[in-house]
Amino acid sequence: VSRGTALRWAARRLPAVDDRLRGDLVASADELAARGGRVDRALETASLVGFALRSAGRRGAHDDRRELVRQGARTGALVLALAGALAAWVAVAGGGAGASGALNPPPVVDAGGPVAPALAALATLVAAAIAGGLRAAAVVLAAVQAAAVAGAVAWAGEPGAALALPLLVLGAVAVGRRFDDRACPGGGLAAAAGVLAGAAAAALAPAGAAGVLGIAALAVPAACLAVGWFDPRYAVAATVVWAWRLVAVDLGDLAAAVGDLADERAFRVLLARWLLMGAGVALAALVSAAAIRRSVSAFRSG
Amino acid sequence: MTSPLREPTYFVLTALAAGPAHGYRILQAVEELSGGRVRMRAGTLYAALDRLARDGHISFVGTDSDGGPPRRSFALTDSGRELLAAEVARLRANAEVGQAMLRQGLAT
């Protein structure tokens with residue numbers, strides 16, 4: 001491996017870099033690779049990756065703040081829809097909503113019988129429609145999903161926290177826009193195949209699948225936020241995901257705990273959790289705003 | 001009223017005021033002109049160049065392939081020269097105000 005291989009690769013191969021800049025960028029990368037030490041080259045490579053991400057966001061949204069937000073909302077809807085579908089299948093495999101508790105709060109209703117697999121299949125269709133860029137179909141399916149979950153929640157007599165995810169997906173997909181102008185049926189098929197593969201894995205090892213889902217529930221929004229520092233669309237997506245966690249932390253329990261201050265410990269735990277969720281949403285929103293500002297006004301301060 | 005330029009952008013425009021230059025030369029010039037205070041990474045430089053080119057403040061001039069992909073240099077346009085002149089005037093006015101206040105302080 002020669003000196004600066006990663007730096008040279010980044011300069012030559014990273015997408016979204018203007019072709020008019022490419023030749024000079026490649027030559028500069030060669031000179032930087034020859035000059036710097038290992039740490040310096042790593043920092044230069046990271047800065048080129050950041051540049052490519054920022055360019056992708058800016059070009060994808062045509063320098064329009066609202067478009068950045070709308071594309072980010074759609075990405076957040078996709079992440080939530082995939083998480084909801086996987087959680088639903090994990091619950092089906094484990095025989096109840098508790099099995100999806102790794103996604104905390106669990107976004108599924110403990111309806112039992114044939115209702116749970118039907119809701120899981122519906123959630124899979126919603127995720128596939130969003131991933132496939134079929135916006136109208138996704139809005140209709142998300143509305144049907146929200147209505148079905150509302151019905152199941154009422155029937156099962158649950159507090160309703162499970163309704164938060166389909167409602168947020170519906171809202172985000174209704175305002176959202178995909179990254180490019182064309183539908184992508186392959187993306188929809190890949191999303192459906194991924195969810196069904198997750199369902200098969202959950203059927204074989206429900207506990208393991210729930211564990212993986214729990215880790216992904218933390219890792220994916222964190223990764224979105226890190227990438228969102230450069231491409232604001234992912235920071236907006238992280239905001240949507242954290243907003244779900246904030247909304248879905250059982251509002252009923254919080255209200256009950258506030259009403260019954262005698263249970264001081266429960267109140268403190270819920271309050272701390274809400275503050276944590278609120279801090280997550282605030283951080284993601286701040287990163288979104290800063291990244292959008294940098295993206296739209298790259299060379300002026302303020 | 002427009003917001004001030006970021007310092008790296010100011011030095012990129014200043015580096016190009018002397019004549020066209022390619023990316024690596026601009027990186028070196030920015031470091032030299034700022035007395036080593038401003039050191040730009042390649043990603044930051046090309047993001048600034050990309051934006052300045054799209055806003056018409058710099059243009060691509062000449063090519064020098066040297067066996068690889070064509071390497072272009074960058075040059076200030078009239079608009080870029082105006083942008084730099086406006087920023088220089090703003091900085092000068094700020095400096096004069098500061099200096100006047102310092103003199104006034106010394107006199108009292």
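Each chain gets a letter, A, B and so on, in the order its sequence line appears, and its residues count up from 1. Side chains are part of it too, since the values below use all heavy atoms of this structure and drop only hydrogens, waters and symmetry mates.
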| query | Can a salt bridge be assigned to the pair A:Arg58 and A:Asp64 using a cut-off of 4.0 Å between side-chain N and carboxylate O? | reply | no
| query | Any idea which of A:Thr45, A:Leu7, A:Asp40 has the most non-hydrogen atom pairs under 4.5 angstrom with chain B? | reply | A:Asp40
| request: Measure the acute angle between the ring planes of B:Tyr46 and B:Phe74, then classify it against the limits of 30° and 60° as parallel, tilted or perpendicular. | output: perpendicular
| query | What part of B:Ile26 is in contact with chain A, defined as an atom under 4.5 angstrom from a non-hydrogen atom: side chain, backbone, both or neither? | reply | neither
| query | For A:Ser288 and A:Thr239, does a side-chain donor sit closer than 3.5 Å to a side-chain acceptor? | reply | yes
| query | Any salt bridge between A:Arg54 and A:Asp231, counting N to O under 4.0 Å? | reply | no
| Of the listed residues (A:Ser47, A:Ala46, A:Ala29), which shares the most heavy-atom pairs with chain B below a 4.5 Å separation? | A:Ser47
| request: Heavy-atom pairs under 4.5 Å with chain A are the metric here; pick the option from B:Glu7, B:Arg54, B:Arg25 that has the most. | output: B:Arg54
